[in-house]
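Written out below as structure tokens is the structure these notes cover.
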Amino acid sequence: MADKSDTEKAREILAGYRASIDNIDAALVHMLAERFRCTKAVGHLKATHDLPPADPVREERQIARLRQLAVDAHLDPDFAEKFLNFIIREVIRHHEMIARENGAGEPVPVPERTAETNNPDQ
């Protein structure tokens, strides 16, 4: 049998990378599902004890922590922050819905965060 062409070898390598990417995507979905299961429980706990849906101090600490993790992992920290801000907004939205379902009044909206407002060094 003849040697595989460079293109065929490249296609095999590409298929291997894509299989790994597919596995990572599946893991991300499962990890996000678990994260939201936990944050839903937090939302119920907050609503039960009349705690606010958002915790800006914790969020700022988490953003700083995630930015450092991103730097350590050679990932763009701005991207990591945008990703976490997206998740935080969704969690707060869930907490606000849970609070309303538990008879709380309309929560005060939390302003959106940007890389500029979260990074005082810029």
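For the atom pair CG of L14 and OG1 of T7, the computed distance is 11.5 Å after rounding to the nearest 0.5 Å. For the atom pair H94 NE2 and R89 CZ, the distance stands at 12.5 Å (nearest 0.5 Å). In this structure, CD1 on I88 lies 4.5 Å from CD1 on I63, to the nearest 0.5 angstrom.
Looking at L66 and E81, their side chains never come closer than 4.5 Å, going by heavy atoms from C-beta outward. The closest side-chain heavy-atom distance from K40 to V91 is not below 4.5 Å. Under the 4.5 Å side-chain criterion, counting only non-hydrogen atoms from C-beta, L32 is in contact with I87.
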Quick one: do E59 and I92 satisfy side chain to side chain contact (heavy atoms under 4.5 Å, CB included)? Show the steps, please.
CA-CA 11 Å; E59 292 159 21; I92 291 170; 3.5 Å; yes

Would you check, one step at a time, whether the test salt bridge (Lys or Arg N to Asp or Glu O under 4.0 Å) holds for E34 with R37?
CA-CA 5 Å; E34 180 65 12; R37 185 192 66 75; 2.6 Å; yes

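Here E90 pairs with R93 in a salt bridge; the nearest charged N to carboxylate O distance falls below 4.0 Å. The residues K46 and D55 are annotated as not salt-bridged, no charged nitrogen and carboxylate oxygen being separated by less than 4.0 angstrom.
Cluster partners of I13, using a side-chain heavy-atom cutoff of under 4.5 Å among ILVMFWY residues and allowing indirect links, are Y17.
The two residues N102 and H44 make their nearest non-hydrogen contact at ND2-ND1, 4.3 Å. In this structure, A70 and A80 approach most closely via the heavy-atom pair CB-CB, 3.6 Å. Contact record, I98 with A47: CG2-CB, 3.9 Å, taken as the closest heavy-atom pair.
Among D78, D72, D76, the one residue that satisfies the salt bridge (charged side-chain N to carboxylate O under 4.0 Å, His left out) test with R67 is D78.
Side-chain atoms of T39 do not come within 3.5 Å of backbone N or O of V42 as any donor-acceptor pair.
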